[in-house]
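Values below: every heavy atom of this structure, side chains too, minus hydrogens, waters and symmetry copies. Here is the naming used below: chain letters follow the sequence lines, and residue numbers restart at 1 for every chain.
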Amino acid sequence: MPELPEVETTRSGIEPSLRGRRIVALEVRDRRLRWPLPRRLERRVAGQLILGVRRRAKYLLIDTDGGTLIAHLGMSGSLRIAAAGAPIRTHDHFDLLLDSGRCLRFNDPRRFGSLHWVTGDPMSHPLLAALGPEPLGPEFDGDYLWKRARGRRVAIKLFIMNAQVVVGVGNIYASEALFRAGIRPGTQARRVSRERMHALAAAIREVLSEAIEVGGTTLRDYVNPDGTPGYFRQKLYVYERAGELCRRCGTPIRHYVQSQRSTYFCPSCQR
DNA sequence: ATGGGCACCTGGCTGC
DNA sequence: TGCAGCCAGGTGCCCA
């Protein structure tokens with residue numbers, strides 16, 4: 001469900017309620033997430049002081065004085081701040097109870113989300129260690145993309161969705177960035193010129209930052225931690241617009257399945 | 001190393 | 001109304 005903008009919106013939404021608070025307890029109702037929650041998690045987490053909330057790729061890092069909680073929202077996960085006694089809804093799998101009388105509540109129908117506890121440098125955790133650069137960070141640009149694409153025959157859309165290449169580009173924003181850069185999603189990565197890689201890197205940064213500004217994209221039921229939807233949907237050029245007319249040239253938007261994921265593009269604007 | 005495909009899971013929608 | 005079938009924002013892992 002959430003891509004980088006939704007995760008970043010979640011981060012900034014929950015951080016003010018977490019920073020400086022002490023964790024009273026972790027209350028788990030369903031341990032069956034993507035990786036089953038270990039039994040000892042509750043006692044590890046209890047009593048820790050929260051120092052802040054960071055994001056790396058689509059992972060949220062809740063730093064405490066004794067270690068770091070690493071959370072992932074998977075396809076359908078969401079986090080919100082609730083009163084500690086608020087009624088439990090379906091798929092509310094765990095609560096992080098705070099000394100403020102509130103809690104961080106995790107809801108995830110499909111249970112593709114995850115939660116890990118690490119001591120030491122969280123970036124050395126196996127899930128984080130091999131990740132590519134942040135798309136909004138300084139190391140990511142067209143030259144980087146072009147160099148990484150040498151010899152790569154994979155479709156450019158799959159290439160930019162590969163977290164070892166660059167993190168945070170999911171199915172929505174991959175299609176959107178390729179539209180803005182004027183590149184067909186099926187083009188082999190190695191066939192994209194250096195110049196067009198610059199356009200693509202710029203488009204990725206642009207699409208992601210614009211989405212963050214408006215609170216992400218709400219497609220179905222996604223809501224931000226404060227309960228409001230994200231408004232980027234109104235700015236989508238191609239995603240879920242199959243058959244509708246291109247906002248730029250009027251040609252009908254096309255849809256096909258690429259590596260089991262839906263891809264959208266304008267056959268006239270993208271070559 | 002690279003690329004392709006599968007698995008994990010639930011819910012909402014469509015069409016018969 | 002019921003139900004089968006399909007689709008969904010992610011990503012680790014296995015195989016060729």
Side-chain angles (χ1 to χ4, degrees), chain A residues 1-11 29-37 55-60 70-79 89-93 106-116 125-132 135 147-177 185-191 204 207-208 211-212 214-225 229-236 238-243 255-264:
Chain A
M1 165 225 255
E3 297 194 30
L4 186 145
E6 294 74 40
V7 177
E8 180 56 31
T9 302
T10 298
R11 190 204 65 73
R29 281 175 289 275
D30 196 338
R31 320 191 78 84
R32 300 171 303 161
L33 300 187
R34 175 152 198 199
W35 291 279
L37 301 193
R55 179 188 59 71
R56 171 71 174 112
K58 294 171 194 161
Y59 292 92
L60 287 167
I70 305 177
H72 198 287
L73 303 178
M75 286 277 267
S76 57
S78 60
L79 283 166
R89 293 183 282 195
T90 323
H91 310 305
D92 280 344
H93 301 315
F106 177 78
N107 184 286
D108 186 6
R110 294 174 75 177
R111 287 191 275 115
F112 289 171
S114 60
L115 185 68
H116 293 269
H125 189 277
L127 290 173
L128 305 185
L131 292 175
K147 281 175 194 146
R148 288 294 306 263
R150 293 313 83 216
R152 300 294 304 270
R153 294 165 185 268
V154 274
I156 187 69
K157 180 183 178 232
L158 274 30
F159 181 71
I160 59 174
M161 287 179 71
N162 180 346
Q164 312 232 352
V165 173
V166 57
V167 301
V169 183
N171 204 36
I172 302 179
Y173 301 108
S175 279
E176 292 300 313
T187 311
Q188 288 188 359
R190 58 177 188 161
R191 301 273 185 228
I204 289 172
V207 152
L208 294 176
I212 291 170
V214 298
T217 304
T218 294
L219 255 22
R220 282 156 268 282
D221 49 3
Y222 176 82
V223 285
N224 291 315
Y231 294 103
F232 195 73
R233 181 169 204 181
Q234 298 154 238
K235 297 201 185 178
L236 296 177
V238 291
Y239 191 80
E240 284 198 336
R241 296 195 66 239
H255 166 257
Y256 70 109
V257 175
Q258 202 177 8
S259 182
Q260 301 144 215
R261 311 295 300 275
S262 271
T263 294
Y264 302 84

**Q.** A/R261: partners by side-chain contact (heavy atoms from CB on, under 4.5 Å), with sequence neighbours left out
**A.** A/K157, A/M161, A/N171
(Q) Could you work out, with side-chain hydrogen bond (donor to acceptor under 3.5 Å, both in side chains) as the rule, every residue matching A/T218, not counting sequence neighbours? (A) none
Q: Please identify each residue that fulfils salt bridge (charged side-chain N to carboxylate O under 4.0 Å, His left out) with A/R89, with sequence neighbours left out.
A: none
Q: Send over the distance from A/L60 CG to C/dG10 P, rounded to a whole Å.
A: 14 Å
(Q) Would you say that A/N162 contacts A/R148 through its side chain, given a criterion of any heavy-atom pair below 4.5 Å between the two side chains? (A) no
Q. B/dA1 and C/dT11: how far apart are their P atoms, nearest whole angstrom?
A. 23 Å
Q | Separation of C/dC6 P from A/H255 NE2 (nearest whole Å) | A | 14 Å
Q: Return the value, rounded to whole Å, for the distance between atom CE of A/M161 and atom P of C/dT11.
A: 9 Å
Q.
Just to verify, what does A/R55 make a salt bridge (charged side-chain N to carboxylate O under 4.0 Å, His left out) with, not counting sequence neighbours?
A. A/E8, A/E134
(Q) So, using side-chain hydrogen bond (donor to acceptor under 3.5 Å, both in side chains) as the criterion, who are the partners of A/R111 when residues are at least two apart? (A) none
Q: Could you check A/R233 against A/E240 for salt bridge (Lys or Arg N to Asp or Glu O under 4.0 Å), going step by step and ending with a plain yes or no?
A: CA-CA 10 Å; A/R233 181 169 204 181; A/E240 284 198 336; 3.5 Å; yes
Q. Starting at CG of A/L219 and ending at C1' of C/dC7, how long is that distance when rounded to a whole Å?
A. 12 Å
Q) Between C/dA8 atom P and A/N171 atom CG, what is the distance in whole Å? A) 8 Å
Q: Look at the side chain of A/E176 and the backbone N and O of A/Y239, then say whether any donor-acceptor pair between them is shorter than 3.5 Å.
A: yes
Q: With a 4.0 angstrom cut-off to heavy atoms of chain A, pull out the first and last contacting nucleotide of DNA chain B, in 5'-to-3' order.
A: B/dT2 to B/dG11
Q) Closer than 4.0 Å, any side-chain N/O of A/R261 to the OP1 or OP2 of C/dA8? A) no
Q: Mind checking A/F232 for me? I need base, sugar-phosphate or nothing, with any heavy atom below 4.0 Å counting as a touch.
A: nothing
Q: Quick one: list whatever passes side-chain contact (heavy atoms from CB on, under 4.5 Å) with A/A211, sequence neighbours left out.
A: A/P5, A/Y173, A/F232
Q | Residues which pass side-chain hydrogen bond (donor to acceptor under 3.5 Å, both in side chains) with A/K58, listed by chain and number, not counting sequence neighbours | A | none
Q: Quick one: list whatever passes ring-ring contact (aromatic ring centres under 6.0 Å, His included) with A/Y59, sequence neighbours left out.
A: A/H72
Pairwise N/O distances under 3.5 Å, protein to nucleotides 12-16 of chain C:
residue, atom, partner, partner atom, Å
C/dG12, OP1, A/Y59, OH, 2.7
C/dG12, O4', A/R34, NH2, 2.9

Q.
Give me the distance, rounded to whole Å, that separates C/dC3 from B/dC9 when you measure between the P atoms they each carry.
A. 23 Å
Q: Would you mind classifying the nucleic acid contact of A/S175 as base, sugar-phosphate or nothing, using non-hydrogen atoms under 4.0 angstrom?
A: nothing
Q: For A/T9, check side-chain hydrogen bond (donor to acceptor under 3.5 Å, both in side chains) against everything at least two apart and list the hits.
A: none
Q | Dot-bracket encoding per residue of DNA chain C, Watson-Crick/G-U cut-off under 3.5 Å, | denoting interstrand | A | .|||||||.|||||||
Q: Quick one: label A/S259 by what it contacts on the DNA or RNA (base, sugar-phosphate, nothing), any heavy atom closer than 4.0 Å.
A: nothing
Q | 5' precedence on DNA chain B between A/R32 and A/Q260 (nearest-nucleotide basis) | A | A/Q260
